[in-house]
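Structure first, then comments.
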Amino acid sequence: MLTCENLVKKYMTVTAVENISLEIEPGRIYALLGPNGSGKTTFMKMVAGLIKPTSGRILMEGSPVGVESKKKIAYMPTESYFYPYMNCKDVGLYYQDFFEDFSMERFYELMEKMNLSHQDKVSKMSSGMMAKLKLAVTLARDAKLIMLDEPLNGIDIIAREQIINSIILCAGQDKAIVMSSHLVDELEKIIDYAIFIKNGEVERMGDAEALREESGKSIVDIYKEIYA
Amino acid sequence: MLKLMKYEYKKNRGILLGLILLVAGLELYFLISNGLGKLEHMGMAAGFLVIATMVCFFMVFILGITNYQKELNSKTSYLIFMTPNSSLKIIVSKLLYILVLGCAVFLILGSLAILDIKLFYIMADEKFGIIEIVKELARSFGVNLSHVWIAVLLEVISFVLSFFSVVAIAYLAVTLAATFLQNSRWKGFIGIVLFVLLMVLVNWIDNRFIHNNMFVAAASDDVINIIRFMVPQLLYNAVIVVASVFGCSFLLDKAVSL
């Protein structure tokens with residue numbers, strides 16, 4: 001579905017992403033793991049078309065990332081990115097205006113699950129509410145590739161499970177989900193594939209079960225081994 | 001395109017409402033003064049309305065540029081650049097929004113101006129209407145009024161295009177600062193310097209090679225002559241707008257980093 005070949009992104013003297021090559025296949029949940037500054041967000045933004053790579057190429061179903069790929073890729077940034085005048089309903093209407101695969105009904109359903117009200121103003125939301133809104137609006141799209149950058153950031157322990165369940169419910173045979181997170185233990189239970197990124201490079205990647213069997217360790221322990 | 005323009009409007013509706021209230025307040029002041037027969041207050045209100053008109057046009061210009069600059073330098077840019085719209089469509093929608101807004105301001109304030117001038121003349125019991133005064137003035141300058149309207153129409157189009165050429169050049173400078181100069185600590189400053197340099201270059205070419213003089217054109221008896229005097233300016237500004245828009249789109253496609 002998504003092919004990245006020799007992807008590089010440099011900012012002056014800093015290399016954010018160094019020669020990443022990987023494939024994302026439908027029907028799987030991927031974890032993009034690594035500490036802050038390892039290049040996870042830059043990678044996701046390049047796939048979403050928000051950052052142009054310095055070199056290398058990204059193909060979504062055989063075509064370079066661009067207007068057409070944006071119809072198939074739903075990206076949830078880690079930051080708040082809505083216009084300050086918006087309330088929850090405005091956010092849904094915005095997505096409805098621009099994305100054919102967006103379902104307002106599904107959005108309202110997810111909002112209800114996450115205890116968000118239509119009239120909640122974006123500018124007055126706590127970080128937890130904002131995280132829930134971003135997730136609701138992204139998951140309300142029936143996109144082939146869903147990329148969630150730190151979806152559990154700012155979410156309390158109780159709501160985390162609810163969010164993880166919503167993400168699992170969104171998964172399907174025809175779509176792939178890519179999630180980045182520091183909270184590796186929360187992801188361990190649900191991921192099919194793990195990609196460990198260190199200093200902009202893929203340090204290790206593979207099927208989660210195979211990685212566990214191969215090393216005799218959990219994903220959390222492999223994470224500690226790589227980054228500690 | 002219309003959807004993109006709709007959200008440009010939604011982002012600015014607070015400021016626009018403020019401007020509408022300002023103009024409505026001043027117009028009300030003018031009308032009350034007119035009703036009460038206070039010529040002095042009508043003059044004051046008219047003066048304020050002229051200032052408000054200039055403020056409105058200036059705001060359209062400033063909003064157009066700052067909106068884009070803010071968009072490229074804030075996280076809200078994800079909202080627009082994540083959508084399946086090309087960079088060209090995004091840039092053109094922003095410019096069209098400024099055009100529509102500018103035309104709306106022109107129509108609203110222009111209609112108010114005509115209404116107010118009529119009221120003023122009714123009250124001042126003038127024998128001559130505006131048209132007669134303009135005709136008299138034109139005659140004294142040896143200007144053929146039957147042709148001057150063509151020149152004025154072309155001059156209005158030229159003004160709009162020249163306004164847009166400035167906005168488009170500002171867009172180009174902002175885009176350059178946000179793309180190829182994104183890593184520079186001085187990108188904001190360099191953006192302003194680039195804008196000034198581009199403006200100096202554009203004006204230099206304009207003064208050196210383009211001949212546009214509305215009064216020379218208006219004095220001519222030949223419509224062809226009028227067009228000959230005005231068209232190069234129109235084409236020149238149109239080329240600047242188109243080149244800048246495609247330049248912005250190219251830069252965004254090649255080096256955007258949000």
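Here is the naming used below: chain letters follow the sequence lines, and residue numbers restart at 1 for every chain.
Checking Ile65(B), Ile169(B), Val200(B) one by one against Phe195(B), the side chain to side chain contact (heavy atoms under 4.5 Å, CB included) holds for a single residue, Ile169(B).
A donor-acceptor pair is defined here as one N or O able to donate and one able to accept, closer than 3.5 Å; such a pair exists between the side chain of Ser103(A) and the backbone of Arg106(A). Side-chain atoms of Lys134(A) come within 3.5 Å of backbone atoms of Thr78(A) as a donor-acceptor pair (strictly under, hydrogens ignored). Not a single donor-acceptor pair under 3.5 Å links the side chain of Ser249(B) to the backbone N or O of Ser87(B). Distance alone, capped at 3.5 Å, places no donor-acceptor pair between the Asn34(B) side chain and the Phe30(B) backbone.
Only the side chain of Tyr95(A) comes within less than 4.5 Å of a heavy atom of chain B; its backbone N, CA, C and O stay farther away. Heavy atoms of Phe99(A) lying under 4.5 Å from chain B belong exclusively to its side chain. Proximity to chain A involves both the backbone and the side chain of Tyr78(B), based on heavy atoms less than 4.5 angstrom apart. Interface residue Lys10(B): backbone and side-chain heavy atoms are both found under 4.5 Å from chain A. Using a 4.5 Å cut-off between heavy atoms, Ser80(A) contacts chain B through its backbone alone, with no side-chain atom that close. Residue contact with chain A, scored on non-hydrogen atoms closer than 4.5 Å, involves the backbone of Leu252(B) exclusively. When heavy atoms are compared at a cutoff of 4.5 Å, Met86(A) approaches chain B solely by way of its side chain, counted from C-beta outward. The parts of Ile80(B) that come within reach of chain A are both its backbone and its side chain, each placing non-hydrogen atoms under 4.5 angstrom from that chain.
Most heavy-atom pairs under 4.5 Å with chain B: of the set Val14(A), Val67(A), Asp90(A), Leu50(A), this distinction falls to Leu50(A). Taking Lys71(A), Glu68(A), Lys52(A) one by one and counting their heavy-atom pairs under 4.5 Å with chain B, the maximum is reached by Lys52(A).
Aromatic ring orientation, Tyr83(A) versus Tyr85(A): parallel (interplanar angle below 30°, classes split at 30° and 60°).
Among all heavy-atom pairs drawn from Tyr108(A) and Lys89(A), the shortest one is OH-CG, 3.4 Å.
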